[in-house]
Amino acid sequence: MAARAPHSLLVLCDTLELCPTTPGRVVDQASHGSHLTRIPIPGISIATDCSKASVRGKVFQKGPLVSLGDEEYVLKAVIEEEESVRSSSSRNTSINLILFGPLAKNFSLAVNQGEVVVVTGFTVGKSPTAYKDQLHPCNLLLSGDDACLHVRSCPPHCHSTRVSKSAKVSKYTYVPLNKLKPGAVVNVYGVVVFFKQPYKTRGTDFCSSLKITDKSNQKVGCNIFCERLEDHPKIFQLGDIIRMHRVKTQAFGGSINLLNTFGFSVVTFDGRPESTVVPRTSSKSFHFEQEDEQTVEELRTWAASQDLLPSTPRIQLSDVQHRSYFDLTCQLLWKAPVDTTCTLLTVWDGTRCAHPLQKFSVDASVIEGPSSLSQERLDLAVSILVFDNHAETAKQLKPGAYLRVYNLHATTGSSGAPCSSGVLEQNQLAFHLHGGTSYGRGLRVLPDDSPDIQELRRVVESFPVANSDIDLSDSAIIETWGTPPETLGNTERRCSHALQQVTLAEVKQSGPDHLFHVNAQLKSYQPRPLYQALKLHCPKCRAIQEIPDDDFLSEAFLKASKAPGRIADPWLLSESIHLPGDGPQSPGRTFSIHLSKEQFNGRRSRDLIYVTGATLEDVCQLAAAYKYILPVMSSGGSASLMDLSAPFLFRGTKRYYGCKQCSQVSVKELKVDGSEEINEEMIAEAVGVQLLQYGLQMKLELQQGLDTLQVILWRDAETFFQVSLEDVAANQEAQNKISETMDFLCPPARRMAERPWLDLCLTMYTVQDDNRLKHVCYQVCQTSTTLPSA
DNA sequence: GCTTAGGATTTG
């Protein structure tokens with residue numbers, strides 16, 4: 001007992017000058033003089049002569065022992081003036097006590113809440129938390145060789161908390177795990193030998209699945225079901241000690257399982273023998289006695305001797321091996337949603353991974369976290385792809401949080417991974433947290449006071465936070481985080497307004513009649529096949545109709561050709577054309593072409609001809625030789641138009657349709673001055689037709705991270721594709737331009753991450769449907785696409 | 001007051 005190193009251990013001391021009549025414990029064995037003056041807590045001030053002072057108070061609050069590494073510790077406690085001494089008018093009766101080094105460690109082990117301590121050799125500081133905690137404006141700092149703290153034990157007869165506490169101990173008996181019988185409600189202690197972080201069940205609750213053991217060496221499985229995550233056992237690593245009250249035993253598969261039952265409560269402790277016994281629980285009130293501390297100590301000492309747990313050293317990024325699974329303790333720097341089943345986390349632990357890492361690309365706009373980060377931090381950062389159920393958990397994480405990722409897989413990078421930036425070099429490593437809970441796969445935030453993160457925190461905080469000249473849009477980061485250059489800028493807004501870009505979520509939250517600028521990817525589009533997007537619409541009545549196919553048109557022309565009738569309009573010159581047949585199977589046929597007499601002698605004679613009795617094929621052939629072809633039929637000897645379901649006018653490969661509703665058909669001679677070039681509007685007017693226009697109607701599903709938005713492309717489709725829809729209706733080349741554009745924006749069989757980001761202008765408006773219900777619509781406007789040059 | 005799960009690697 002005599003030859004102990006200073007500061008190292010608790011010493012029982014019954015000859016103290018300070019407290020001659022009551023046996024006590026000294027946490028520090030520095031010598032104390034008898035010349036000390038006891039100062040009441042309210043009387044402490046910066047001016048107090050600490051060399052001659054002692055302060056006595058009851059431990060009101062005992063904080064966790066915080067390790068700063070290298071045997072450096074700090075602990076905060078609050079002591080208060082004992083009630084017997086306190087006068088009702090006293091203020092500042094509670095004061096913060098800050099203990100450093102071995103004294104902190106020893107205090108943590110030896111002193112309990114409610115006990116009375118005497119401190120000497122302290123210094124008085126200004127309390128930085130006085131405003132926040134409303135305690136004494138000063139604090140007592142205990143560090144160095146002079147600092148001393150002495151615990152006053154209670155005499156056996158006193159009514160201190162400790163005595164009444166020990167009376168309660170008998171209320172809880174803990175059943176050894178080998179003595180469990182089915183169908184009982186028991187209290188147990190155990191060492192955690194397997195655990196899964198709480199995971200969502202198919203029922204209403206989360207389930208913590210674990211296995212525990214104790215000195216009996218019996219291993220018992222436990223399933224804890226709670227709806228609230230905070231009610232679950234706080235297990236951070238194998239070897240943690242768990243105490244459960246009111247668990248039910250249940251026979252399952254030839255052994256006994258434990259299940260939480262009504263009144264269930266749980267407390268856990270760090271399992272390392274050298275660490276402070278600090279109960280981890282979210283319970284407002286729980287019983288915790290000296291005896292519990294002893295049980296915990298015993299269990300973890302026993303566990304350490306048993307080789308119960310795989311002796312895996314803590315793995316840091318610098319130790320990671322290819323194809324290994326490990327638990328990583330780290331700090332979250334950034335997070336970004338990738339798709340519905342994957343979230344990308346960027347983390348670091350202050351060490352550098354020795355292997356080349358696979359690069360990922362995520363658009364800067366969906367990243368949550370600081371917008372700039374120092375190169376020093378960035379150099380050590382790694383990306384983790386978090387899948388499925390864990391992606392859900394990851395969504396809740398806040399950048400800056402300290403995390404433990406369980407069963408993280410250091411895997412060979414694959415170019416097929418979501419958001420892979422494409423180029424994959426040999427031996428690149430990627431970190432995957434796979435879906436499911438096998439082997440305890442999961443993710444959890446470690447509390448700020450967790451001893452596990454103190455060292456990590458010290459390391460990471462020693463790095464510069466950010467350089468102002470580096471941010472997310474900087475090329476230094478773009479490799480990992482930016483949009484890859486080959487997909488940059490492929491739609492361009494043509495609008496003149498300078499609106500800020502907003503997120504899809506913000507678009508959805510906005511009121512009607514707004515304009516937005518958004519940056520999004522194209523997740524999907526309709527219609528397929530693409531040609532169905534092309535429509536006809538009337539600029540007058542705004543009706544939209546489908547374009548009839550050639551089978552329908554052939555049939556319509558064939559039917560009309562069989563009964564052409566005679567045309568005897570006096571302003572027309574007619575000529576019959578006989579096409580000989582190939583034989584009895586295909587007899588020859590006759591159709592007529594008609595020309596306006598006025599045109600016949602002019603230079604415009606080939607500009608417009610009227611045709612009767614011709615098939616669609618005939619018309620198309622004539623269209624190669626004449627500018628405009630107007631198919632007509634006889635109606636009482638006069639020329640009249642065919643049904644407006646078919647094109648009423650042909651020009652080359654172009655076809656013109658009329659609106660059935662808005663046309664008042666009557667074929668009259670087209671009067672033109674010889675120098676005037678005729679066009680389809682003039683012809684339409686002469687025959688009483690309201691021309692239909694071509695339109696392109698598409699539904700686009702935009703995606704931004706996990707958010708999607710359905711928008712329409714209609715009014716500005718020509719601008720979008722940089723093509724004339726009349727051309728699209730008439731030629732393959734223009735059609736190809738549309739399909740190539742769509743393939744570029746929404747590449748078939750390519751992942752979202754590889755798709756380009758579109759800079760779009762959207763309008764928002766409401767429409768009323770047939771049931772007078774209002775719908776909000778979004779339409780792409782004033783935006784054009786440019787394909788990358790080959 | 002008694003469903004959920006009852007450990008045991010993704011296949012990105």
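When reading the values below, keep in mind they use all heavy atoms of this one structure, side chains included, and skip hydrogens, waters and symmetry mates. Every chain is numbered from 1 and lettered A, B, ... according to where its sequence line falls, protein lines coming before strand lines.
B/dG6 and B/dT10 have their C1' atoms separated by 23 Å, with the value rounded to a whole Å.
Between A/Y439 and B/dG7, no base-stacking contact is recorded for ring centres under 5.5 Å apart and planes less than 30° from parallel. Stacking is found between A/F194 and the pyrimidine-like six-membered ring of the B/dG7 base under the 5.5 Å centre-distance and 30° plane-angle cut-offs. In this structure, the aromatic ring of A/Y325 is positioned over the six-membered ring of the base of B/dT9, centres within 5.5 Å and planes within 30°.
Applying the 3.5 Å distance criterion, the base of B/dT10 shares no donor-acceptor pair with the side chain of A/S438.
The residue among A/T261 and A/G436 whose nearest nucleotide of DNA chain B lies closer to the 5′ end is A/T261. Nucleotides of DNA chain B nearest to A/G435 and A/K211 differ in position, and the one nearer the 5' end is that of A/K211.
Between the CD atom of A/E227 and the C1' atom of B/dT4 there is a distance of 11 Å, rounded to whole Å. As a whole-Å value, the separation of A/F387 CZ from B/dT10 P is 12 Å.
Using a 4.0 Å cut-off between charged nitrogen and carboxylate oxygen, A/K200 and A/E392 do not count as a salt-bridge pair. Under a 4.0 Å N-O distance rule, the pair A/D327/A/R404 does not qualify as a salt bridge.
In this pair, A/F387 and A/H432 present their aromatic rings perpendicular. The plane angle is above 60°, beyond the 30 to 60° band.
Of the residues A/R280, A/R272, A/R300, the one that meets the salt bridge (Lys or Arg N to Asp or Glu O under 4.0 Å) test with A/D240 is A/R280.
In this structure, A/Y406 does not reach the B/dG7 phosphate: none of its side-chain N or O atoms is under 4.0 Å from OP1 or OP2. Put simply, A/R202 has no side-chain N or O that comes within less than 4.0 Å of OP1 or OP2 on B/dT3.
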